[in-house]
Amino acid sequence: MGNNKVCILGLGYIGLPTASILATNGFEVMGVDTNPQVVETVNKGGIHIQEPGLHTLVQAAVKSGGLRAATEVEPADVFIIAVPTPVTDDKRADLTYVRDAGQMVVPVLKEGNLVILESTSPPGTCDEILRPVLEESGLSAGPGFKLAHCPERVIPGRTVMELIHNDRVIGGIDRASAEAASLLYKKFVGGKIYLTDCTTAEMTKLMENTYRDVNIALANELALICEKLGISAWEVAELANLHPRVNIHLPGPGVGGHCIAVDPWFIVEKFPETARIIGMGRTINDGMPEYVVQRVKEILDGVSNPRVAVLGVSYKGNIDDARATPALPVIRGLREEGISFAIYDPHVRDFEFEMSSLQEALTGADCILLLADHDEFKFLYPQELGKLMRRRVVLDTRNALSYELWRQCGFEFYRLGAGKKEGLAESSKLQKESARASSAR
Ligand code: SAJ
C-alpha cells in the first residue's frame, strides 16, 4: 500500500495541525471540513484557531502545495478522522460526526486503504460504530481495508510541539492495521509508538483524561475542606507534593474545555454502576462554578447593586479557547443572583457575553473575580486598579495573584481554597515567587 495521499476529515484543533505537519513532511494532504469558511481560510494559508506555531506551519504547508482543503472527500491512501465527539445534555457520547465522517469515506474507500480514527471515543467505537459504517462500501475491515485508532493526546497551547514529541498509542482492528498506522505516524512523531487493539487504545485515552479529572476533583474537595478549616489548600498541596509519590492537582472554578470535562462521561455512560469515582469526580468538578457564585455572593453581602469585574474567561490560562469554560456557568450564576458584571480577557475574542477593556471592567466594580490564570494577570498593578474600583476586593480562584502585594495595596483578598488564616502561609515558596514577580513591575 502506498500512503502518500492522506485525506483528513475535520480541520479543527487536531486535524489542521496534523494535516499541516504531514504536508510539510512530504505527504499530499487533502483537508476536508464541512464548513466552507474554514476551507477558504486554510486554502489562503490562514487559520481559524489560535495555537502557537500553527499559522507559520499552515502557511508553509499550503505554500509548498502539500496541503489543500475542500468540503468533499477525495480518494486517498489514508483517511484520518479528526472530528468532534461531544457529550449530549444527558451525558451520552454524540458520535454523529464520527458516523458522518465514515459515511463520507464510504464512496471513495478502496481495497488496501487505511482509515484512522483520531477522535477521542467511547470504548467499542472503532469496532462497533465505525467499522460497520465503512463496511457499507462492500469491503471488510481487515482483508479489505485497514482500520486503526490513534487518539490525539496534545494539550491546547502546545499542540504543534506535542503532536511531534508525545508518545502515541495505536490500536488496530488487527496487527496489520496497527502496523500500517504506525508507519505513517513514524514519519513525523519523535516520541515512542506503542501498538495495541482498538478498544485498549480507546480506553487508554479516556483514562488519561479521567485520571486528571478525578484528581482535580480531589483538589477541589480539598479546597472546600480547607476553607472550612480556615487554612490554605494551596499550601497543603504544595507541602504534600514534596512527598515523592504524591501529586495533588490544582483546585479551580471548575473543569472546562472539550476533553477532560467530557471524556469521563463516555465511561460512565457504558458502566454507570461500576464507574462510581469517575462519575463523582465529574459531579464535584461541575459543582465548582456554583460554589464560586455563592462565594461572591457572601463576599458582596450587604453591598447594594453589586458589580463584579470578571477577569479571564477562557477555560484555562494563556489560551483563547472559551469552549465549555467554567466561566460561563459562573457568569450565568452571577446574573441569576442579580449581580452585575463586566468581563475582560486579553485572549478571548469569541464569547457569549459582551467583553470590555480592563479599565471598563474595573471602573466602579465592587470585586475582581479572577477565573483564568493568564500570565498577564500576575503582573497587574493593584494600586492603580484599586483607584478605578468602588471597593478594593478580589477573589482569586486560581492562586494567580500575590496575597501580600494585593493586601499591601488595601485589597480585601480572598482566594478559592484558602481560609482566613492564609496569612500564616506567607512563607510558601509559590506565593513568595509570585509576590516577587508582581512587585518587580
Ligand atoms: N484544571 C484544574 N486543575 C488542574 C489542572 C487543570 O482545575 O490541576 C482545569 C483547567 O483549568 C481546565 C481543565 O481542567 O479548565 C482542563 O485543562 P487541562 O490543562 O487539564 O487539559 P486540556 O483539556 O486542555 O487537555 C487535556 C490533556 N489531557 C491530559 O493532560 C491528561 C491533553 O493531553 C489531551 O490531549 C486533551 O485533554 C484532549 O484533547 O483530550
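In each ligand, atom 1 is the first atom listed, and ligand 1 is the first ligand listed.
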For E40, all residues meeting side-chain contact (heavy atoms from CB on, under 4.5 Å), sequence neighbours excluded: K44

Residues that C150 engages under side-chain contact (heavy atoms from CB on, under 4.5 Å), provided they are two or more places apart: I116, R168, I170, Y185

4.5 Å side-chain heavy-atom contact, L370 and L395: no

Residue contacts for ligand 1, heavy atom to ligand atom, distance under 4.0 Å: E152, R153, V154, I155, P156, K205, E208, N209, R212, I216, H249, L250, G254, V255, G256, C259, I260, D263, Y315, K316, R398

Partner set under side-chain contact (heavy atoms from CB on, under 4.5 Å) for P86, not counting sequence neighbours: P84, D94, Y97

CG on N241 to NE2 on H249, rounded to 0.5 Å: 9.5 Å

Ring centres under 6.0 angstrom apart (F341, F353): yes

